[in-house]
Amino acid sequence: MDRLRAYEVFTTVVAKNGFARAADALDTSPANVTRYVAELEAHLGARLLNRTSRRLSLTEAGAALYERLRHVLDDVAEAEAAASADSRAPRGRLRINAPLSFGVRHLAPLWPRFMVACPDVELDISLSDRVVDLVDEGYDLAIRISRGGSQSHVARKLALSHNIVCAAPSYVAAHGAPASPDDLMNHACVAYTLSPEPEEWPFLDAHGQAYGAPIRPRFSSNNGDTVRAMALSGQAMAWLPTFLAGEDLRAGRLVRVMPDYPLPPIAILAVYPSRRHLSAKVRAMVDFLADAFKGTPDWERDTEA
């Protein structure tokens, strides 16, 4: 058994949530995919997947193996790509999708620098808060903001952004600040409609587990800058990432409320369809962005108060 290939097949089955979809992604037959998984289970002496006609789920052993293999295979792909990329110069059209607010604020200033560094690459940037299908819509790379990472594509973390509950000083002066998440129903709040639960804000308990606290939305929007604008107006409180609110916090236009009740942070990810045969232009962009965002991002400075 080719163990490296078996590991790749297993992780693809999990990522694609199915044997047939994994076969398509790997350009092989479903029978071969089934064979590799069966041989891997036999080699390990453990069942990795629970399979029915309608559902596929990981066993405890499968979940543990998957988490480790994702990192191992990423490292292997990075090494292979680094070795082959030395002889290839990045060139050609590079289509990138990114979230609207983050793209305007934090990515747009970087594109001219990349174009100087890679003059043979033509950038085609699309900004949208909709989650695009990279393969079907022809994107080489996407920048995504996520609490859970990417299960269907390869992802490299570029930076971290914390979430905060904040309000304008005028709102706090007029209405006070909530003492705990239980008080949120007594305050006007802004709902971000693209979040999984728009009328709940996620907090972390003492054990680091997320729980939802219901809010009373006075205003709703699917755009982060619009949510921020409503918070700045003093009409309601908002849940915002520091990449949107950091500058306002430093300037005193917004103040953090309930600092003792943290929210889950979010990762800024570079997402691309496959780790195999990664093009020089995609690798150049991912490395460029990783270098641009290394260390503590500007939006995280002085936001703890």
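Nothing fancy with the numbering, it's 1 onward along the sequence.
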*Asks:* Does a sphere of radius 6.0 Å around CZ in Arg3 hold more than 12 heavy atoms from other residues, nucleotides or ligands, not counting ones at 6.0 Å or beyond?
*Replies:* no

*Asks:* Counting distance only, does the side-chain N/O of Arg95 pair as donor-acceptor with the main-chain N or O of Gly138 below 3.5 Å?
*Replies:* yes

*Asks:* If you measure from CG on Leu65 to CD on Glu41, what distance do you get to the nearest 0.5 Å?
*Replies:* 10.0 Å

*Asks:* Side-chain contact test, heavy atoms from C-beta onward, threshold under 4.5 Å: evaluate it for Cys118 versus Lys281 and give yes or no.
*Replies:* no

*Asks:* Drop me the distance from Leu204's CG to Tyr211's OH, to the nearest 0.5 angstrom.
*Replies:* 8.0 Å

*Asks:* Just wondering, do Ser128 and Asn97 contact through their side chains at under 4.5 Å, heavy atoms?
*Replies:* yes

*Asks:* Side chain to side chain contact (heavy atoms under 4.5 Å, CB included), that's the test. Do Val121 and Met285 meet it? Break it down for me.
*Replies:* CA-CA 10 Å; Val121 177; Met285 176 58 76; over 6 Å; no

*Asks:* Would Ile143 and Leu289 count as a side chain to side chain contact (heavy atoms under 4.5 Å, CB included) if you check the C-alpha gap in whole Å, the side-chain angles of each, and the deciding distance to 0.1 Å?
*Replies:* CA-CA 10 Å; Ile143 307 303; Leu289 292 174; 3.6 Å; yes

*Asks:* Could you check whether any side-chain heavy atom of Leu49 comes within less than 4.5 Å of a side-chain heavy atom of Phe19, counting everything from C-beta outward?
*Replies:* yes

*Asks:* Leu249 and Ile164: side chain to side chain contact (heavy atoms under 4.5 Å, CB included), yes or no, with the steps?
*Replies:* CA-CA 10 Å; Leu249 291 170; Ile164 59 168; 3.2 Å; yes

*Asks:* Nearest heavy-atom pair of Met258 and Pro178: which atoms, and what distance?
*Replies:* CG-O, 3.2 Å

*Asks:* When rounded to the nearest 0.5 angstrom, what distance separates CG in Asp140 from CG in Leu134?
*Replies:* 9.0 Å

*Asks:* Donor-acceptor pair, distance only, cut-off 3.5 Å: does the side chain of Thr59 make one with the backbone of Leu48?
*Replies:* yes

*Asks:* Mind checking side-chain contact (heavy atoms from CB on, under 4.5 Å) for Ala290 and listing every partner two or more places apart, or none if nothing turns up?
*Replies:* Arg156, Leu158

*Asks:* Could you work out, with side-chain contact (heavy atoms from CB on, under 4.5 Å) as the rule, every residue matching Asp27, not counting sequence neighbours?
*Replies:* none

*Asks:* In terms of hydrophobic clusters joined by side-chain contacts under 4.5 Å, are Leu269 and Leu160 together?
*Replies:* no

*Asks:* Using a 3.5 Å distance criterion without hydrogens, assess whether the side chain of Asp129 forms a donor-acceptor pair with backbone atoms of Pro99.
*Replies:* no

*Asks:* Can you confirm whether Glu137 is buried at CD, in the sense that more than 12 heavy atoms of other residues, nucleotides or ligands lie under 6.0 Å from that atom?
*Replies:* yes

*Asks:* So, Asp24 and Arg21, do they make that salt bridge, N to O below 4.0 Å?
*Replies:* no

*Asks:* Where does the angle between the aromatic ring planes of His106 and Phe243 fall among parallel (under 30°), tilted (30 to 60°) and perpendicular (over 60°)?
*Replies:* perpendicular

*Asks:* Can you find a heavy atom in the side chain of Tyr66 that is under 4.5 Å from one in the side chain of Thr11?
*Replies:* yes

*Asks:* Name all residues meeting the salt bridge (Lys or Arg N to Asp or Glu O under 4.0 Å) criterion together with Glu197; count only those two or more places apart in sequence or in a different chain, and write none if there are none.
*Replies:* none

*Asks:* Look up atom CG in Leu100 and atom CZ in Arg105, then write down how far apart they are to the nearest 0.5 Å.
*Replies:* 10.5 Å

*Asks:* Are any non-hydrogen side-chain atoms of Cys189 and Trp201 less than 4.5 angstrom apart?
*Replies:* yes

*Asks:* Taking atom CG of Leu244 and atom CG of Asn163, what is their separation to the nearest 0.5 Å?
*Replies:* 10.0 Å

*Asks:* Do Val131 and Tyr192 land in one hydrophobic cluster if side-chain heavy atoms of ILVMFWY residues count as linked below 4.5 Å?
*Replies:* no

*Asks:* Would you say Met185 ends up clustered with Val190 if hydrophobic residues are merged whenever their side chains have heavy atoms under 4.5 Å apart, either directly or through other cluster members?
*Replies:* no

*Asks:* Can you name the salt bridge (Lys or Arg N to Asp or Glu O under 4.0 Å) partners of Asp120, sequence neighbours left out?
*Replies:* Arg91

*Asks:* Output the distance between atom CD1 (Ile96) and atom OH (Tyr272), rounded to the nearest 0.5 Å.
*Replies:* 13.0 Å

*Asks:* Side chains of Pro264 and Ile266: does their closest heavy-atom pair fall under 4.5 Å?
*Replies:* no

*Asks:* Hey, does the side chain of Glu300 reach the backbone of His162 with a donor-acceptor pair shorter than 3.5 angstrom?
*Replies:* yes

*Asks:* Might you point out which heavy atoms bring Pro90 and Ala280 nearest each other, and give the distance in Å?
*Replies:* CB-O, 3.7 Å

*Asks:* Can you hop from Val282 to Ile125 via hydrophobic side chains spaced under 4.5 Å?
*Replies:* yes

*Asks:* Ignoring hydrogens and angles, tell me if any N or O in the side chain of Asp248 forms a donor-acceptor pair with the backbone of Arg253 under 3.5 Å.
*Replies:* no

*Asks:* I would like to know whether Val9 and Thr28 meet side chain to side chain contact (heavy atoms under 4.5 Å, CB included); could you show each step before the answer?
*Replies:* CA-CA 10 Å; Val9 169; Thr28 188; 6.0 Å; no

*Asks:* Just jot down the salt bridge (Lys or Arg N to Asp or Glu O under 4.0 Å) partners of Glu39, sequence neighbours excluded, or say none.
*Replies:* Arg35

*Asks:* State, to 0.1 Å, how close His187 and Gly176 come at their nearest heavy-atom pair, and which atoms those are.
*Replies:* CE1-O, 3.4 Å

*Asks:* Quick check on the hydrophobic clustering: are Leu44 and Tyr36 connected, directly or via other members, by side-chain heavy-atom contacts under 4.5 Å?
*Replies:* yes

*Asks:* Has Thr12 got a side-chain atom pairing as donor or acceptor with Ala22's backbone, closer than 3.5 angstrom?
*Replies:* no

*Asks:* Is Glu8 salt-bridged to Arg5, going by a charged N under 4.0 Å from an acidic O?
*Replies:* yes

*Asks:* Is the distance between the ring centroids of Phe102 and Trp299 less than 6.0 Å?
*Replies:* yes

*Asks:* So which heavy atom on Ser195 is nearest to which on Pro198, and how close?
*Replies:* OG-CA, 3.3 Å

*Asks:* Which heavy atom in Asp225 sits nearest to a heavy atom in Ser101, and how many Å separate them?
*Replies:* OD2-OG, 2.9 Å

*Asks:* Taking all non-hydrogen atoms of both residues, which atom of Ile215 and which atom of Pro217 are closest, and how far apart?
*Replies:* O-CD, 3.3 Å

*Asks:* I'd like to check the side chain to side chain donor-acceptor pair (under 3.5 Å) partners of Ser126; sequence neighbours left out, ordered by chain and number.
*Replies:* Tyr139

